[in-house]
Every structure is written in C-alpha cells, then in structure tokens.
Amino acid sequence: MDNLVLTADDINTKQPSIINIYLMESKSELLRLFRTPGFYLPTLLFPMMFYLFFGVIFSMNPATMPTYLLATYSAFGVIGPALFSFGVGIAVERGQGWFDIKEASPMPASAYIISRISVTIVFSLVVIALLFALGAIFGGVRLYTTQWLLLAGVLIIGSLPFCAIGLALGLYCKSNSAPAVVNLIYLPMGFLSGLWMPINFFPQLMQDAANLLPAYHFAQLSLKVIDMDVGANIWIHLAVMLAYFAVFMTLAAKAYYKKDKQ
Amino acid sequence: MGIPTCNTIAAIENVAKTYGDFVALDNINLNLNLNRGEILSILGPNGAGKTTLINLMLGRLSFANGSINVFGLKPGSLALKRLCGAMLQVADLPETLTVKEHIHLFQSYYGAPMSYQKVIEYAGLSEIESKLTKGLSGGQKQRVLFALAICGNPKLLFLDEPTVGMDVEARHALWKAIQDLKAQGTSIILTTHYLEEADFLSDRIVMLNQGRIIQEGSPEQIKAQVNTQKIRFTAEVDIAVLATLNSVKRATQDKHFFELQSSNASATLQHLFNKTKTVEQLTVTSAGLEEAFLQLNREQNNSVQQ
C-alpha cells in the first residue's frame with residue numbers, strides 16, 4: 001500500500017458543506033414533487049375526499065364525529081405521502097439505476113434521507129392545512145388554537161415511523177411491485193387502525209389486534225390531543241411507534257449499506 | 001514495470017468475485033498501476049467482468065479475497081468518492097429536474113467542484129441546460145450523466161460505456177472532452193464496446209475474458225500480438241478452397257466479399273492467384289484492434305474448452 005501515494009494535490013482540502021448538500025437535495029426533491037401532479041394530486045385529494053364523505057356528509061353523529069374523524073383522517077393523510085414518496089420513489093430510482101449513480105457519488109446517505117423527510121413534512125403540512133380547513137368550514141370543528149397546533153405537531157412527528165417503513169419498503173421492493181405493496185399496507189392498516197371509522201365500532205378482538213399496528217397508536221396520539229382517545233397510556237403509544245421507527249430504520253440501513261445489490 | 005511507483009493510484013491484488021456459481025472475476029491480479037493522466041480501457045465481450053471490476057473499485061460490490069486500493073483509500077468511502085466521478089450504465093434519470101438543476105445538485109457534493117460553465121462546455125450541454133431531462137434523447141442523457149461524473153473535478157473518472165446511444169458527432173465531442181480532462185491530469189478508466197474508441201483514447205488496454213485478464217498493454221502492443229493481415233476481395237471461388245490457401249488462418253464471407261485472415265499476406269495472395277483469375281476489389285490491411293480482440297478472445301475460449 002505504501003506505493004499508493006497521495007499528494008497534497010489529491011486531497012481536496014476544501015470539504016463540501018453538509019448543510020448546503022441537505023438544502024440542495026431537499027430543494028431538488030421539492031421541485032420534483034411540484035412537477036409531478038400525477039403523484040401529489042391523488043395523494044392530497046384522497047384523504048380529503050374520504051373525510052368529506054365519511055366525516056362530514058355521512059357523519060353518523062354530527063356533534064362529535066367530524067372532530068374525531070378529522071384527527072384520524074389527518075393521520076391517514078400524512079401516512080400516505082410518507083409511505084409513497086419513500087416506498088415508491090426509492091424503488092423506482094433503484095429500478096432506473098439512478099440510485100446507483102447517487103450511491104457512487106459522494107452524496108452522504110444522510111442527505112438522501114433528510115431531504116425526503118423534509119419534503120414529506122412540507123407535503124404533510126399541506127395535507128393537514130387542507131383537512132383542517134375542511135373540518136373547520138364544513139364539519140363545524142372547533143378547537144383551541146393550542147389544540148390545532150399540537151395536533152399538527154403530533155401529526156408531523158408521528159409520520160416519521162411511516163417514513164422509516166416506506167424507506168425500508170423502497171429499498172427492498174422492486175419498482176414494479178412497490179406501488180402494490182405500499183397500497184396493500186396503507187389501506188388495510190388504515191382501516192384496521194380505526195383511521196376510517198372510530199375504533200370502538202369494531203369487535204373487541206379487532207380492537208385488541210389494532211394494538212399491533214403503528215397507525216393505531218398514531219391515531220390514538222392524535223385523538224389524545226382532543227380528548228377522544230380510548231384512554232391508554234401515552235407512553236405505550238410512543239413506545240410502539242418508536243419501536244417501529246427503530247426496527248424499520250435498522251432494516252433500511254442494512255439494505256442501504258448492503259453491497260452486491262442487484 | 002518501468003512505471004514510477006509514485007504514479008500508482010490504484011492497485012487490485014488477487015481479487016476474485018463470484019455470483020453464486022458464476023465466476024465474474026477469477027483472481028484478478030491487476031496491479032493497475034494506473035498512472036496519473038492515463039486512460040485505461042477495459043475491453044471484453046459481454047459478461048467478461050468489465051462492469052464488475054468498476055463496481056468493485058467503486059466499493060459497490062463485496063469480494064471474497066484480495067485487496068483493492070484506490071489512492072490508498074477504501075473503495076466506497078466518502079473520502080474516496082470525493083476524489084472520483086462515475087458514469088454508470090443507467091436506464092433513466094429523474095425526469096422532472098432540468099439539466100442545470102441536476103448539475104448544481106451534484107456540484108454541491110464536492111468541496112471544490114468544476115465551474116458550471118466548464119461542465120456545460122465539456123459535456124456539450126449549452127443548448128439544453130434548462131430543459132427537463134424528460135424530453136432528452138438517449139445520447140443527450142448520456143451527456144448529462146457525463147456532466148454529473150466530471151462536475152466534481154475528479155482525480156479519477158470511471159466511464160462505463162460512455163458513448164452508448166450517441167451519434168457520431170456527439171461521440172467525437174465526448175472523446176475530445178475526455179482527452180482534455182486527461183491533459184489536465186485526470187486518470188480515466190473506461191469500458192467500451194467500441195474498439196475504435198478504445199484504440200483512439202487508450203494509453204493502455206486490459207482485455208478481460210470470462211473474468212480473466214487475457215492481455216494487457218498499449219493498443220499498439222495488443223495489435224502486434226496478432227501478426228495477421230486482412231485480405232478482402234470478390235472472386236468466383238468456393239470458400240472451402242480459400243480456407244486451404246497458404247498461411248490462411250480463417251476465411252469468412254459476407255455477401256459478395258471474402259475475407260481472409262493471413263499470417264503471411266504475400267504467400268496467401270500468390271496461392272490465391274494460382275487458384276483463380278477472378279479476384280477483384282482487392283484490399284490488404286494490417287490487423288486492427290478489432291481483429292486482435294476477436295482473435296485473442298477466440299484463443300482464450302478455445303483454451304478454456306480444452
């Protein structure tokens with residue numbers, strides 16, 4: 001190895017700014033999102049349409065239902081972009097071979113993840129703002145300002161485990177199967193976690209089983225903000241979501257740093 | 001080897017790579033001794049291990065034994081990636097960014113990137129810099145990938161089949177850019193299917209076949225390995241007769257033309273004229289890289305079969 005000499009000329013003494021990389025990468029991701037209405041329109045409209053149908057128009061108990069379902073459909077609405085932009089986005093880039101170019105480039109792995117999380121957060125904020133507006137205007141939802149803000153905060157932070165799940169799916173699934181796999185997780189999990197209709201409408205067995213699902217705990221945390229949850233300990237919800245986050249981040253890291261990818 | 005050791009920037013020692021039962025690289029001992037500002041071409045038929053070799057040096061593949069050092073750094077490390085640029089074979093790139101946005105993003109990965117204007121000039125992108133990559137042709141996309149590979153002022157540039165899908169004009173422009181980069185001290189490792197390209201650009205060629213290095217040297221040295229000449233003509237004669245002529249190694253026919261590989265052209269020609277008086281449109285050329293390539297691969301395959 002001693003014959004491999006680096007001269008001063010070879011060492012780029014100037015290091016790139018990591019913050020600048022994060023900003024540039026996030027900006028690129030955001031531009032790509034803005035220019036892909038085929039992705040953002042359905043992802044925005046789907047939860048809005050559902051909320052309008054089930055939370056406002058066909059609401060069975062008009063006094064509290066629009067408020068309750070606003071929390072759960074908002075959770076549903078932010079899980080979507082987290083799962084899809086990570087899961088499908090990354091699987092497609094891998095299929096194209098574009099991921100290889102990124103991997104061979106000196107882009108730090110953290111930039112890839114942080115940029116997508118930033119974009120997911122921006123997207124989630126838009127979903128939340130639109131749903132809140134629907135709820136306040138058409139559903140007659142009235143909350144304290146602190147509750148609106150706290151609910152938005154819980155929804156944003158709570159989307160992180162789903163980013164991790166999406167990331168792992170994106171790194172393990174093939175590009176042509178990723179959309180189907182993500183939908184197969186997103187829609188049944190949403191329903192079984194009580195995001196579409198209140199969990200206490202379910203048979204007891206299903207209510208118990210819902211404890212295994214991260215989206216259930218996410219919904220319960222959101223409902224806690226407006227005092228409509230089933231009353232379980234907040235730490236249980238946080239612990240389950242943290243566990244999901246840790247497990248799927250580990251799986252994702254394993255896939256990312258694995259060599260010999262096909 | 002007569003190469004000053006301080007010029008060695010990459011070394012591959014006893015590296016083997018298998019995919020299941022398939023041996024992609026068989027104990028490659030390529031003390032690459034890649035010189036600064038040298039263009040090294042890796043040639044070989046499909047499945048010879050060219051792309052595998054590049055991916056190993058980029059740290060994208062694991063290997064069982066041996067060692068790989070580039071600039072004394074570990075393949076795949078961020079420190080090494082910042083000294084390198086890589087143009088890999090890609091099916092498509094994200095469609096909804098412009099050429100300019102792609103380049104600015106990749107420039108941000110490096111501490112001292114090449115100036116934007118220079119990147120655009122080298123890659124010949126000035127007319128399409130504000131276009132989305134969605135509408136670009138295959139050749140234009142290749143040029144964007146080239147721009148992304150060079151935008152960090154790399155000391156070592158990997159080009160995996162860089163001119164696939166390019167028209168002749170674009171290909172020659174890229175060759176010019178590659179030579180300019182070389183003149184500034186960039187070392188380049190190139191794989192290609194176009195032997196003309198390797199012949200024109202390379203200082204050194206490594207020929208791979210079935211995971212082994214079968215030949216290494218300058219284009220001239222490799223061509224000299226094959227001391228045959230190519231005789232091409234039309235004639236009213238049976239190809240079976242031609243194969244029996246003096247010094248003929250191989251006789252082939254395409255449409256109206258016969259083509260003979262001969263180790264002694266004058267002996268073959270005398271014999272040919274004895275056999276037939278109908279020879280027309282005769283040309284005799286010395287073997288190019290293509291003949292050398294074909295012949296060396298044929299010899300290798302034969303020896304493997306035995």
Side-chain angles (χ1 to χ4, degrees), chain A residues 1-7 9-40 89-90 92-112 115 175 257-262, chain B residues 5-11 17 19 31 33 36 54-55 58-63 67 69-73 76 78-98 101-102 104-113 132 134 145 148-149 152-153 155 158 185:
Chain A
M1 237 219 267
D2 41 296
N3 61 342
L4 296 170
V5 181
L6 269 177
T7 66
D9 186 43
D10 289 324
I11 302 161
N12 274 325
T13 42
K14 202 163 168 269
Q15 297 288 314
S17 146
I18 189 85
I19 299 297
N20 186 44
I21 297 179
Y22 288 170
L23 287 175
M24 291 294 291
E25 196 73 40
S26 303
K27 187 186 131 197
S28 302
E29 284 307 305
L30 207 57
L31 283 170
R32 286 174 64 186
L33 177 66
F34 280 144
R35 292 170 188 164
T36 320
F39 170 70
Y40 73 71
I90 292 173
V92 167
E93 286 190 359
R94 281 174 48 238
Q96 288 174 335
W98 179 245
F99 191 81
D100 298 351
I101 295 278
K102 287 284 209 184
E103 197 185 33
S105 83
M107 175 198 68
S110 60
Y112 196 77
S115 62
S175 58
Y257 288 110
K258 187 181 156 228
K259 295 194 173 187
D260 306 323
K261 288 185 250 244
Q262 285 305 301
Chain B
T5 50
C6 66
N7 276 343
T8 306
I9 61 167
K17 176 71 195 168
Y19 298 102
N31 261 316
N33 289 326
R36 281 172 208 283
I54 284 200
N55 278 326
L58 288 170
R60 301 188 59 242
L61 296 176
S62 65
F63 50 98
S67 70
N69 289 294
V70 184
F71 293 115
L73 297 167
L78 205 53
L80 178 54
K81 284 179 184 174
R82 285 183 178 143
L83 298 175
C84 298
M87 178 174 172
L88 305 174
Q89 298 177 54
V90 168
D92 218 337
L93 42 163
E95 296 185 330
T96 46
L97 286 181
T98 65
E101 287 160 355
H102 270 302
H104 281 318
L105 174 61
F106 271 65
Q107 280 178 313
S108 77
Y109 300 157
Y110 297 89
L132 294 180
K134 195 187 315 198
L145 289 171
L148 299 182
N153 259 328
K155 298 281 176 247
F158 294 92

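Chain A is the first sequence line, chain B the second, and so forth, proteins listed ahead of strands; every chain is numbered from 1.
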Indicate yes or no: at least one non-hydrogen side-chain atom of A:Asp100 is less than 4.5 angstrom from one of B:Val90.
no
Quick one: what part of B:Leu58 sits under 4.5 Å from any heavy atom of chain A, side chain, backbone, both or neither?
side chain
Of B:Leu132, B:Leu105, B:Leu148, the largest count of non-hydrogen pairs under 4.5 angstrom with chain A goes to B:Leu105
For the pair B:Lys81 (side chain) and A:Glu103 (backbone), establish whether a donor and an acceptor sit closer than 3.5 Å, ignoring hydrogens and angles.
yes
Can you tell me how far the NE2 atom of B:His104 sits from the NZ atom of A:Lys27, to the nearest 0.5 Å?
7.0 Å
Are B:Gln107 and A:Met24 close enough, and set up right, to give a side chain to side chain contact (heavy atoms under 4.5 Å, CB included), and what steps lead you there?
CA-CA 10 Å; B:Gln107 280 178 313; A:Met24 291 294 291; over 6 Å; no
Heavy-atom pairs under 4.5 Å with chain B are the metric here; pick the option from A:Gly97, A:Ser105, A:Ser17 that has the most.
A:Ser105
So which of B:Ala91, B:Gly76, B:Pro113, B:Pro94 has the largest heavy-atom pair count under 4.5 angstrom toward chain A?
B:Pro94
Just do the side chain to side chain contact (heavy atoms under 4.5 Å, CB included) check on B:Leu93 and A:Ile101 with the steps written out, would you?
CA-CA 9 Å; B:Leu93 42 163; A:Ile101 295 278; over 6 Å; no
In terms of heavy-atom pairs under 4.5 Å with chain A, which of B:Leu97, B:Leu145, B:Asn55 leads?
B:Leu97
Heavy-atom neighbours of A:Lys102 NZ exceed 12 at 6.0 Å
yes
With side chain to side chain contact (heavy atoms under 4.5 Å, CB included) as the criterion, how do A:Thr36 and B:Glu95 come out once you've worked through the C-alpha distance, each side chain's angles and the decisive distance to 0.1 Å?
CA-CA 10 Å; A:Thr36 320; B:Glu95 296 185 330; over 6 Å; no
Bottom line for B:Phe158: the part with an atom under 4.5 Å from chain A's heavy atoms is neither
If you tally heavy-atom pairs under 4.5 Å against chain B, which of A:Ile21, A:Ile18, A:Leu33 wins?
A:Ile21
Which heavy atom in B:Glu101 sits nearest to a heavy atom in A:Arg35, and how many Å separate them?
OE1-NH1, 2.7 Å
Can you tell if the side chain of B:Ser108 reaches within under 4.5 Å of the side chain of A:Glu25, non-hydrogen atoms only?
no
Top residue by heavy-atom pair count (under 4.5 Å) with chain B, among A:Ser28, A:Gly95, A:Pro106?
A:Pro106
